[in-house]
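The structure displayed is predicted, hence computed values, not measured ones. Numbers here are sequence positions counted from 1.
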Amino acid sequence: QVQLVESGGGLVQAGGSLRLSCAAADRTARSYTMGWFRQAPGKEREFVGAISWSGGTTNYADSVKGRFTISGHNAKNTVYLQMNSLKPEDTAVYYCAARPGMLVITDRTKYDYWGQGTQVTVSS
């Protein structure tokens, strides 16, 4: 069982930045792929980006490419989602997720462990 705890959400104006953190309470998470997903009211949970912790491979949704960056800090067992140039349409609850292995997969059903989510609100 991998426990994930997100933090860093909040309210920001359009064009601003936020950094979300996802702390894994288990060193074995370093052999996992870590994903970020988001869910806006009335919409399905969608893929934002993911990183293969051991391989460093990343993948991003087209809607966030060039604005969001995922990175990992091995010593802290923490993955970050740096969000720049935020838009009102980025408003959602953001979730961290983990799956065993190094494949960077966009399908949310392939992720086994989920955090509790953190709210990001971007005002216009």
Look only at the side chain of Q3 and the backbone of A25, and say whether a donor-acceptor pair between them is shorter than 3.5 Å.
no
Nearest 0.5 Å, please: how far is CH2 in W36 from CD in E46?
14.5 Å
So, for A92 and A40, which heavy atoms are closest and what is the spacing to 0.1 Å?
CB-N, 3.8 Å
Name the one of L81, V93, L20, L18 that satisfies side-chain contact (heavy atoms from CB on, under 4.5 Å) with T118?
L20
Nearest non-hydrogen partners of R38 and V64, listed with the distance:
NH1-CG1, 4.0 Å
Minimal non-hydrogen separation, S124 against P88, with atom names:
CB-CG, 3.9 Å
Under 4.0 Å between a Lys/Arg side-chain N and an Asp/Glu carboxylate O for D62 and K65?
yes
Restricting to salt bridge (charged side-chain N to carboxylate O under 4.0 Å, His left out), what partner residues turn up for E89, sequence neighbours left out?
none
Please table the atom pairs, donor to acceptor, closer than 3.5 Å between any side-chain atom in residues 99-107 and protein atoms at least two apart or in another chain.
from	atom 1	to	atom 2	distance (Å)
R99	NE	K110	O	3.1
R99	NH1	L103	O	3.4
D107	OD1	T109	N	2.9
D107	OD1	T109	OG1	2.8
D107	OD2	T109	OG1	3.0

Is there a side chain to side chain contact (heavy atoms under 4.5 Å, CB included) between V48 and M83 once you walk through the steps?
CA-CA 11 Å; V48 173; M83 305 185 294; over 6 Å; no
Does the Lys NZ or Arg CZ of R45 fall within the cation-pi geometry relative to W114 - under 6.0 Å from the ring centre and within 45° of the axis?
yes
In Å and rounded to the nearest 0.5 Å, what is the OG1 to CE distance from T58 to M34?
14.5 Å
In sequence, state the C-alpha distance, the side-chain angles, and the governing distance for S21 and E6, and then conclude on side chain to side chain contact (heavy atoms under 4.5 Å, CB included).
CA-CA 5 Å; S21 300; E6 301 105 331; over 6 Å; no
Does any non-hydrogen side-chain atom of D112 lie less than 4.5 Å from one of Y32?
no
What's the separation between atom CD1 in I70 and atom SG in C96, rounded to the nearest 0.5 Å?
9.0 Å
In Å, rounded to the nearest 0.5 Å, how long is the span from CG of D90 to OG of S85?
9.5 Å
Min side-chain heavy-atom separation R67-S17 under 4.5 Å
no
Can you tell me if CD on Q119 sees more than 12 non-hydrogen neighbours from other groups inside 6.0 Å?
yes
Which pairs pass ring pair (Phe, Tyr, Trp, His ring centres under 6.0 Å) with one or both residues in residues 76-113, sequence neighbours excluded?
F37-Y111
Hey, could you give me the CZ/CZ distance between R108 and F47, rounded to the nearest 0.5 Å?
13.0 Å
Validation row: I51, V79 side chains within 4.5 angstrom (heavy atoms)
yes
